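Note sheet for the following structure.
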Amino acid sequence: MRSLFIVAFLAAQLYLPLSYYMRPDPLPELIAEPPAEQPVTLPEGADPFDERFAWRMFSPIRMVKCDVSFYDATDGVRRRVPTGKEVHFLWINLFKRARRSVIDQFAQWRCPQMATEGKAPILNAEIVCPVRRPGRTGVVQVRPFDPTLNLCDPS
Amino acid sequence: MSAPLDLQGRWQRYWFDHTVHPLRLNLLRLLVFGVLAFDVWMLNIEHAPRYGAGAFNATQFAWLDALIPTPGVVAVGLAWLLCGYMALQAALGVAVKASVIGACVLYNGVYYWSQADSYQHHYLLGLVLLLCVFMPFDDPETRRREDPAPIKSWAWMLLRWQMAITYFYTGVTKWDEVWWDGSVMQQLTPNCSPLIDHIATQGDLLGVTVAGSWTLAAVGVMVVELMAPLPFLLPRGGKLLIGVLPAAFVFMGWKVMGSQDWGALVAVGALIGGAAYATETIARGWLSLPVVPLAAWALFSGDDIAIQNTWLFVYAAGQCAVIIGLGRLKMVWLFGLLTLPMFHILVEFLNLEIGWFSAYMLALDFIMLTPPALWVFLQRQTARLAGIFDGLKSFIDTLAERKVDGATRWMYAITAAICAAALTLALPFEGMSWAAGAIFFAVLATLDGGPNLFERAVAPKAAMQVLMAGAMVLALNTSTVPFDYYRFWGGDLKRRGAEATDVIDSPEARRVILLDAADKYRKANALQAPATPARHYALGRVLDQLGEREEASAAYAEEVSVQKAALEKEYEAMRKAPNPEGLLELAKHYNSAAARMRRVTSRLGGEAQYAELVADATRLAGVWEVESRQTFEDLLEAEPQALQCMPGARRLARRLKR
């Protein structure tokens, strides 16, 4: 039993940080290129911004602060969602770190409140993150996901 | 024929025959849990109002969100309060096993309940607490004064692995071209930090540019972190490491770099493997010896550059010794002890605000990396020191031997429980009746019914419980934690009730939120001593939004009078002992108070019944604006580099310009 615990503990501790590096990460290629004029959108499944459980203290990614805007487009008109007046400020800070699990949970929490008669809720998030390039050569603007993605119905 | 590998036997010996000196365990318990108690009380509780604010939460794992309810302020505050109490019990040796389990469950419970706390160092602390559950803290050897026998502990070995893994991955994180150019490290370093000059000086000595010296520093940090598993895991398991470390490095390098530069990866991997091999097998320790007096000289000379140079020398010498096989590998702890704590000292030096994490890590580095001989020596000294208290001990033993009947025992237990619970009720947080109840039963369970109950007298134990509750109440009630708890809470409610949104769209719902905000601000203000800045203006704003004009103006008037008194006091203090930090604070306070006075004027202006208050506020706004400018000029005179070096100075200058 004790051996089982040791193996499970060690396996988890080795695997959890490793899983961060196993995710598709196009960032190194993106930042190696000269910066594009428009922000570059990361492909589906790539999430270099969630560094929990990976022991990435003081990493270059940790220093990134994204610009974040949520839009309610249920009525066909994009209205900015006043997130600062709806949730605690700490969640805004996590949005600014492009923490996808928090963004998804925010959508799950908010979308039912947006539903109006006969119209499916539409919530978009426009997130742009300035990711530093190596050699002190500026930044590349990166979008963690497609800004037209309806977070209320990501499928 | 070669002997069979006997993997099972090796596994058994590696994990289950591993021993630890009892004094290490005692100190681990005392320091980790002692710091934890005050950490959760002084740094965490004030943030309880974040949890479940606006009924929104995201747990650490998406699947958990569907299973558990949104956390609440009372539940989280209660969990942290009790976690601290359990931790203090564990630190002081009361009901150790149950207390360690309790503290671990409560701490990790809150952590995984919400990403409101997603600090990686809190995650690490949660893992350390989990491993502490399996530490033999209550082994009889831990209480033996003279020459206690080492205690077998697989959890201790696992903790060494945990530390090694953590440091190693933090090194892997820095295998990144953006880290290597030193810009991230430079960004982390506050303006005008002496570190900037030190790094430039090192660059000069080595003949590299300033940017180059930052690169060197950044790469140096990475290398030390990548080497960190060695002191934690050697000499035991060294052969395993010789294989595992280079392989792990090559794999991580490939994944993180994303390049196929196998030559470089294998070369660095081989270097690490060679270092591990040298460390494991062929070392002789004489080279490390001159380092100790040199380091002592550098530390006591008070010369920062000397300290840094010595550290660099130690590091370089240690590395050379390890690589060329001159350092005895049993001395590898010295490498760890001289390098790893530097990160945590640096983090404090750079003021990176990660709570008390450096204290935990420095304690863990010291306890885990120091050589066995030190602990034998310390044990002897402890035993000698403990001899001084023999009189007290014999008194306690006399008490312990006194036959106390069941009824008397219960009387002690219930009295202590009532006192501890009553003290808890003196805390001003929400839900303290629950906390008092929980502490009442915790004390009863500790004093009566526990397996260690009759080992010592009930009376000293009862007294200790009351003292612990007293320490908790004293620490919290003499701090700003209760004030911060309510002002943070009020601030969040004020923001969310300020105007209609899709989520809070009915006037009734907003009114409820604003009433709650006013309640929290009133509680915060009541906790501040008279003439101490509080949240009277914010309360006035909320009351204004609620349409309570009369009460709002009373809050504004209170703000005016409190600010007047507080600024006069601060000015007097600064006149007596001027210093740049104090001058900047005073200038900021004058400036923000003036801005608030202007807002009061604009809110109440034109209403005859408040004419006197408005006149006062208008006059004070003008006076304090002038004072703010004057104080800022005094600051620039006293500290010409203030704009570049002092956080907040530039922002204030911009405000004053406007």
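Predicted model only: the values in this text are computed from it and were never measured. Within every chain, numbering begins at 1; the chains are lettered A, B, ... in the order of the sequence lines, protein sequences first and strands thereafter.
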Task: Which portion of Ala62(B) sits near chain A, non-hydrogen atoms under 4.5 angstrom - done: neither

- [ ] Classify the angle between the aromatic ring planes of Phe61(B) and Trp63(B) as parallel (below 30°), tilted (30 to 60°) or perpendicular (above 60°).
- [x] parallel

Task: CG-CG distance between Leu42(A) and Asp146(A), expressed to the nearest 0.5 angstrom - done: 11.5 Å

Open item on the list: Show, in sequence, the C-alpha distance, side-chain angles and deciding distance for Cys104(B) and Cys132(B), and conclude whether the disulfide bond (SG atoms under 2.5 Å apart) test is met.
Closed with: CA-CA 8 Å; Cys104(B) 170; Cys132(B) 282; over 6 Å; no

- [ ] Examine whether an atom of Asp104(A) lies under 4.5 Å from a heavy atom of chain B, and if so say whether it belongs to the side chain, the backbone or both; otherwise answer neither.
- [x] neither

Task: Pair Trp91(A) and Phe56(B), ring centroids less than 6.0 Å apart - done: yes

- [ ] Report the option among Leu188(B), Val347(B), Thr215(B) that has the most heavy-atom pairs separated by less than 4.5 Å from atoms of chain A.
- [x] Leu188(B)

TODO: Quick one: which of Ile6(A), Val87(A), Val102(A) has the most heavy-atom pairs under 4.5 Å with chain B, could you say?
DONE: Ile6(A)

TODO: Quick one: sort the Trp161(B) and Tyr14(B) rings into parallel, tilted or perpendicular, breaks at 30° and 60°.
DONE: perpendicular

Open item on the list: As an exercise, state the distance from CG of Leu94(A) to CD1 of Ile103(A), rounded to the nearest 0.5 Å.
Closed with: 9.5 Å

TODO: Sort Trp154(B) into side chain, backbone, both or neither according to what part of it lies under 4.5 angstrom from a heavy atom of chain A.
DONE: side chain

Task: Contact class of Leu16(A) relative to chain B, heavy atoms under 4.5 angstrom - done: side chain

Task: Proximal component of Tyr119(B), with respect to chain A [non-hydrogen, under 4.5 Å] - done: neither

Task: Greatest number of heavy atom pairs closer than 4.5 Å to chain B - which of Gln13(A), Arg110(A), Gln113(A) - done: Gln13(A)

Task: Cationic tip of Arg160(B) above Phe232(B) ring, under 6.0 Å, 45° of axis - done: no

Open item on the list: Quick check: do Trp214(B) and Ser183(B) have side-chain heavy atoms less than 4.5 Å from each other?
Closed with: no

Open item on the list: How about Cys111(A) and Cys152(A) - are their SG atoms less than 2.5 Å from one another?
Closed with: yes

TODO: Heavy-atom distances under 4.5 Å only: say whether Leu124(B) touches chain A with side chain, backbone, both or neither.
DONE: both

Task: Options Arg495(B), Glu177(B), Met185(B), ranked by heavy-atom pairs under 4.5 Å with chain A, top entry - done: Arg495(B)

Open item on the list: If you count heavy-atom pairs within less than 4.5 Å of chain A, which of Gln60(B), Lys174(B), Gln12(B), His47(B) leads?
Closed with: Gln60(B)

Open item on the list: Let's test your reading of the structure: which of Phe89(A), Phe58(A), Phe53(A) forms the most heavy-atom pairs below 4.5 Å with chain B?
Closed with: Phe53(A)

Task: Sidechain N-carboxylate O distance under 4.0 Å for Arg97(A), Glu51(A) - done: no

Task: Top of Met114(A), Arg62(A), Met63(A) for chain B proximity - count of heavy-atom pairs under 4.5 angstrom - done: Met63(A)

Task: Spacing of CG belonging to Leu18(A) relative to CZ belonging to Arg23(A), to within rounding of 0.5 Å - done: 11.0 Å

- [ ] Tell me, out of Arg133(A), Gln108(A), Arg99(A), who's got the most heavy-atom pairs with chain B below 4.5 Å.
- [x] Arg99(A)

Open item on the list: With a 4.5 angstrom heavy-atom cut-off, is it the side chain or the backbone of Phe134(B) that approaches chain A, or both, or neither?
Closed with: side chain

Open item on the list: Under a 4.5 Å cutoff for heavy-atom pairs, which residue among Ala116(B), Pro49(B), Ala155(B), Ala53(B) has the most contacts with chain A?
Closed with: Ala116(B)

Task: Per-residue contact mode, Ile61(A) against chain B (heavy atom under 4.5 angstrom) - done: neither

- [ ] Select one option (side chain, backbone, both, neither) describing which atoms of Arg79(A) are under 4.5 Å from chain B's heavy atoms.
- [x] side chain

